[in-house]
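Convention: sequence-line order gives letters A, B, ...; per-chain numbering from 1.
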Amino acid sequence: MNEIIELKKLHVVFSKRVGLFRERRFHVLKNVDFFVRPGEIIAVVGESGCGKTTLGRIVTGLLKPTKGEVLFEGKPIYGFLNADFANFRQSVQFIQQDSYAALNPVRTIYQSLRAPIIRHHRKMKNDEVDRRIDELMTFVGLNPPEQFLVKYPHQLSGGQRQRVLMARALSLNPKLIVADEPVSMIDVSLRLSILNLMSELNKKLNIAFIYITHDLATAKYIANDQRIAVMYLGEIVEVGNINDILTNPRHPYTQALLSAVPIPDPIVAARQKDIPIKGMNIASIENRTTGCSFFERCPYAREKCQHEQVPVVKSGNAQIRCHYEKEIPIWVKPQ
Amino acid sequence: MNDDILLIKNLVIEYELKRYSIRAIDDVTMAFKRGSITAIVGESGSGKTTLASAILEVISSPGRIISGDVLYFQNAQGFETKINNLKPKQLNHYRWQECSMVFQGAQSSLNPVMTIYEQFYETMMVHATGNIQKGELKEKVLRRAKEVLEIVNLDVDRIMPMYPHELSGGMKQRVMIAFSLLLNPKIIILDEPTTALDVITQDSIFKILKNINRDMGVTMILLTHDMGVVAKFADFVGVMYAGKLVEYADTKSVFGKRLHPYTNGLISATPSIIADNSSLKPIEGVPPDLLALPSGCPFHPRCPQAFSKCPLLKPKLIELNNHLVSCHLYDKEETKA
């Protein structure tokens, strides 16, 4: 296949020294298989601490995996020579959550946008660079560009800064943009317009997106009829078509997550049932067992789940990690 | 008899700066029913937090109440207390014993160098009345801490000697809720209590809060921007825009009728996991700059239904079948009635 990015049997272990000789190890990503095809939007959802941002950093090459392979267009990125690596870096861009922290506060928007272009296109003439910047600003809806280019990040609103980040990510003609919670810090009334901009970029320029979030509702909105990957404690527990998964989730964790999402309709919300989950706290990543990572909180867990490694099984159109896939009851959508 | 526990009357709050002043709360009148959960919805800068700090009389400088009152009714017989006239000692009693608050970002509301027990002790000590012995107070703190921590489903013996950094985000938030209950208040103000928490934790926290409201009859005021949370949790909703109350009614009525175009915009901009999201659309334009508010109705530049009157006249809050709304679209009906 012609995947842009493929992760194979990926493990990430962070270690932290405790005292002189001891080390604490955190298995942040465990046995992750993941791929992105050109032009698709894939949503990655999970609770805080489940490793979704780490996954984003692996995909963009900001973090090296402990074990496993990261393939860019079929070739492992850590075997690349300089020119190929530069090509990878240009093709995969990252949009951070905190747009204020992501822009240099003492540089104008113009300077921030110019830097990556001249870094990668040394021969480009000045007026060409300027034209390119104007084009990008217009594309992301910052019109007229002259009005915004001379400003500093603090003079823009959150939504405008997020648009600048989009423009900066676009400036190198990427094939894939990893967006890490791009709308969580933006006012509700503006969120939708940023999401619409992302799907416009996806459709018009055929850029693939990895949309990292904890908000299933926006994931459904942007990745409509495309794929979703649900993560729990460093594992992808369920992956498949988002419409299928949101109507008929098969993994117990996805079911719990969907039951907890508040629905903006008081009549439906009043009928929402209890969440099928044990315990309120996300389990610690430190003392995980060899078995299923959801074992401690799963209402259907049995002895086998604690120790035996969980295989990936097909369930309908989705792939889930569960020992007792057939015995999980069907989730009923609140209406 | 008086159903209301708290009444905000024609409140105006301004932040005075060197050359100009910003009107953060502009003539807001709002009543809170005893034992209800009222949500105040609005974007950042709409004045939610300023309103809450006016209720607790903790408006940060250079903010100042220009006119209007916050009235508190301790019981149904209705002895009204003007919060902005209280003497320091009375205020000390009112804060936390009558009205407490769960602040936004529990992470930063706890003292990082004190254990949870020490912080409970400190709060109880400051508010203790009369001559109380140290040992007696200690016993009282332990007893009360056990009660409130049990309400929020935390293990008392484990939590008490811990420092805030040893707790997870959800646990800290629950400790903060326990804190707010410590002195048996009648009102709790919740300022975005679950932002930065994931949905499963969020759901469990709202369950706890709902139980507190039901079992102990505590009145709650929830400040949020999440329409999903409002739909699930609140009895009444007040929608704020640019320092004004633009719509107020019970939750079903607000979601059902959506009289104000801004409310309608907010609800239609909220994606849902069960609905078909194709009809969603964002609100055009940007949130208003409080330094240069548009003339007339502050929402008119973004309003899809604006007409000639909107930029000229400020709309008044009018009542239509127990549903308050401030919009020129409904002025006519008022004259008919």
Participant: Counting only heavy atoms not in A/I330, do more than 12 sit closer than 6.0 Å to its CD1 atom?
Facilitator: no
Participant: Say you draw a straight line from CG of A/L257 to CD1 of B/I200; how long is it, rounded to the nearest 0.5 Å?
Facilitator: 5.0 Å
Participant: Heavy atoms only, distances under 4.5 angstrom: which of A/S189, A/S184, A/A256, A/A219 has the most pairs with chain B? Name it, please.
Facilitator: A/S189
Participant: Would you name the heavy atoms of A/A260 and B/K232 that are closest together and state the gap between them?
Facilitator: O-NZ, 4.1 Å
Participant: Could you report the tightest heavy-atom contact between A/P264 and B/S272, atom names first, then the distance?
Facilitator: CD-CB, 3.8 Å
Participant: Mind running side-chain contact (heavy atoms from CB on, under 4.5 Å) on B/F255 and A/D265 for me, showing each step along the way?
Facilitator: CA-CA 7 Å; B/F255 277 83; A/D265 181 340; 5.6 Å; no
Participant: Answer with side chain, backbone, both or neither: which region of B/A275 has an atom nearer than 4.5 Å to a non-hydrogen atom of chain A?
Facilitator: backbone
Participant: Do B/T270 and A/R191 have a side chain donor and acceptor closer than 3.5 Å?
Facilitator: no
Participant: Take a 6.0 Å sphere around CG of B/N321 and say whether it holds more than 12 heavy atoms from other residues, nucleotides or ligands.
Facilitator: no
Participant: Tell me, yes or no, whether the heavy-atom count around B/K146 atom NZ, taken from other residues, nucleotides or ligands under 6.0 Å, exceeds 12.
Facilitator: no
Participant: Of the non-hydrogen atoms in B/A231 and A/A269, which two are nearest, and what is the gap between them?
Facilitator: O-CB, 3.8 Å
Participant: Looking only at heavy atoms and a cut-off of under 4.5 Å, which of A/G158, A/P266, A/S259 has the most pairs with chain B?
Facilitator: A/P266
Participant: So which of A/V188, A/I267, A/V268 has the largest heavy-atom pair count under 4.5 angstrom toward chain B?
Facilitator: A/V188
Participant: So does A/Q155 have more than 12 non-hydrogen atoms from other groups sitting under 6.0 Å from CD?
Facilitator: yes
Participant: Of the backbone (N, CA, C, O) and the side chain (C-beta and beyond), which part of B/Q202 lies under 4.5 Å from a heavy atom of chain A, both, or neither?
Facilitator: side chain
Participant: Sort B/K207 into side chain, backbone, both or neither according to what part of it lies under 4.5 angstrom from a heavy atom of chain A.
Facilitator: side chain
Participant: To the nearest 0.5 Å, tell me how far A/T218 OG1 sits from B/N277 CG.
Facilitator: 10.0 Å
Participant: What part of A/L258 lies closer than 4.5 angstrom to a heavy atom of chain B: side chain, backbone, both or neither?
Facilitator: both
Participant: Give me the atom names and distance for the closest heavy-atom approach of A/A217 to B/P271.
Facilitator: CB-O, 3.3 Å
Participant: Using a cut-off of under 4.5 Å for heavy-atom pairs, which of B/I273, B/V199, B/D203, B/T251 has the most such pairs with chain A?
Facilitator: B/I273
Participant: Given a strict heavy-atom distance threshold of 4.5 Å, which part of B/L280 is in contact with chain A: side chain, backbone, both, or neither?
Facilitator: both
Participant: CG of A/N317: more than 12 outside heavy atoms within 6.0 angstrom?
Facilitator: no
Participant: Just to verify, what does B/S268 make a side-chain contact (heavy atoms from CB on, under 4.5 Å) with, not counting sequence neighbours?
Facilitator: B/R258, B/N264
Participant: Select, from A/G159, A/S193, A/S157, A/G46, the one with the greatest count of heavy-atom pairs under 4.5 Å involving chain B.
Facilitator: A/S193
Participant: If I measure from the heavy atoms of chain B, does A/N196 come under 4.5 Å with its side chain, its backbone, both, or neither?
Facilitator: side chain
Participant: So, taking the atom named OG in B/S44 and the one named CG in A/D187, what distance separates them when rounded to the nearest 0.5 Å?
Facilitator: 3.5 Å
